Amino acid sequence: MRIGLTGGIASGKSTVSAMLAEHGAYVIDADQLAREAVAPGTAGLAAVVEEFGEQVLDADGAMDRPAVGRIVFGDEDARRRLEAIIHPRVRALGAEKARMRTDSDPGALVVHDIPLLVETGQAGDFDAVLVVDVDEATQVRRMVENRGWTEDEARSRIAAQASREERLAAATHVIDNSGTYDDLRHRVTEVVAELQGRH
């Protein structure tokens, strides 16, 4: 069973991902795959350098993420060109990892942890889509308190993602994370039981 997991910034998606793993789910982290896709020596990194120049490399020949961020932030065309290189490679790596896992354990719950699942139009690729949900005020408060960002920085990051309504519209299961840690753990346990019941 292929499960997509997503949520807005500071929604607690990483916490939910860890809880799903504790329940035996095999979690494939898209952010980790994105790093693998452009690791030194890969065709992905070569394509990024070809597109944007040597300025995207650090002294060790790895991709300089802050430098790339400066190039694409606020430049829609540059961001799309970067995504056209990285996203297909991430999807291919994710599909390969999922295939390897289900070959060895056909009953596995395979969870693809994808921050931009809705934005990249992948909701229809999964048997179930789990959305970790909190209201915007909670997101802003967490970013200010836990990450040291200003309220304006927090709101601009939220605005750059799909809206809460767009994420909820894609969800087959909503995981509310506005309560306590125990509330969250209880909801994740419920969702896993529902998914295993469908399996």
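All values below were derived from every heavy atom in this structure, side-chain atoms included, with hydrogens, water molecules and symmetry-related copies excluded. Residues take their numbers from the sequence shown, with the count starting at 1. The shown structure was predicted, so the numbers you read here are calculated from the model rather than taken from an experiment.
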*Asks:* Are Asp125 and Arg2 ion-paired here, with the side-chain N under 4.0 Å from a carboxylate O?
*Replies:*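 Salt bridge absent between Asp125 and Arg2.
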*Asks:* List the atom of Asp58, the atom of Met63, and the distance in Å for their closest heavy-atom pair.
*Replies:*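 Taking every non-hydrogen atom into account, OD2-O, 4.4 Å.
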*Asks:* Please name the pair of heavy atoms, one in Asp113 and one in Ser17, separated by the smallest distance, quoted to 0.1 Å.
*Replies:* OD2-OG, 3.3 Å
*Asks:* If I compare all heavy atoms of Thr120 with all of Leu117, which pair ends up nearest, and what's the gap?
*Replies:*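 It is OG1-O, 3.4 Å.
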*Asks:* Rounded at 0.5 Å granularity, tell me how far CD in Glu36 sits from CG in Leu93.
*Replies:*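 Taking CD in Glu36 and CG in Leu93, the distance rounds to 6.0 Å.
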*Asks:* Between Thr6 and Ile114 (side chain of the first, backbone of the second, donor and acceptor by atom type, cut-off under 3.5 Å), is there such a pair?
*Replies:* yes
*Asks:* My understanding is that only one of Arg187, Arg164, Arg167 makes a salt bridge (Lys or Arg N to Asp or Glu O under 4.0 Å) with Asp133; could you say which?
*Replies:* Arg164
*Asks:* Is it the case that the side chain of Glu151 and the backbone of Val144 share a donor-acceptor pair, with hydrogens and angles ignored and the cut-off at 3.5 Å?
*Replies:* no
*Asks:* Between Glu83 and Arg80, does at least one N-O distance fall below 4.0 Å, as a salt bridge requires?
*Replies:*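 Looking at Glu83 and Arg80, the cut-off is not met.
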*Asks:* Show the nearest heavy-atom pair for residues Ala39 and Leu45, with the distance to one decimal.
*Replies:*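 Heavy atoms only, the tightest pair is O-CB, 3.7 Å.
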*Asks:* Quick one: closest heavy-atom pair of Arg89 and Ala37, and the distance?
*Replies:*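 That would be CB-CB, 3.9 Å.
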*Asks:* Between the main-chain N or O of Ser178 and the side-chain N or O of Asp176, is there a donor-acceptor pair closer than 3.5 Å?
*Replies:* yes
*Asks:* When you measure from the side chain of Arg142 to the backbone N and O of Ala10, does any donor-acceptor pair fall under 3.5 Å?
*Replies:*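 Yes: the side chain of Arg142 pairs with the backbone of Ala10.
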*Asks:* Salt bridge or not for Glu136 and Arg155, using N-O below 4.0 Å?
*Replies:* yes
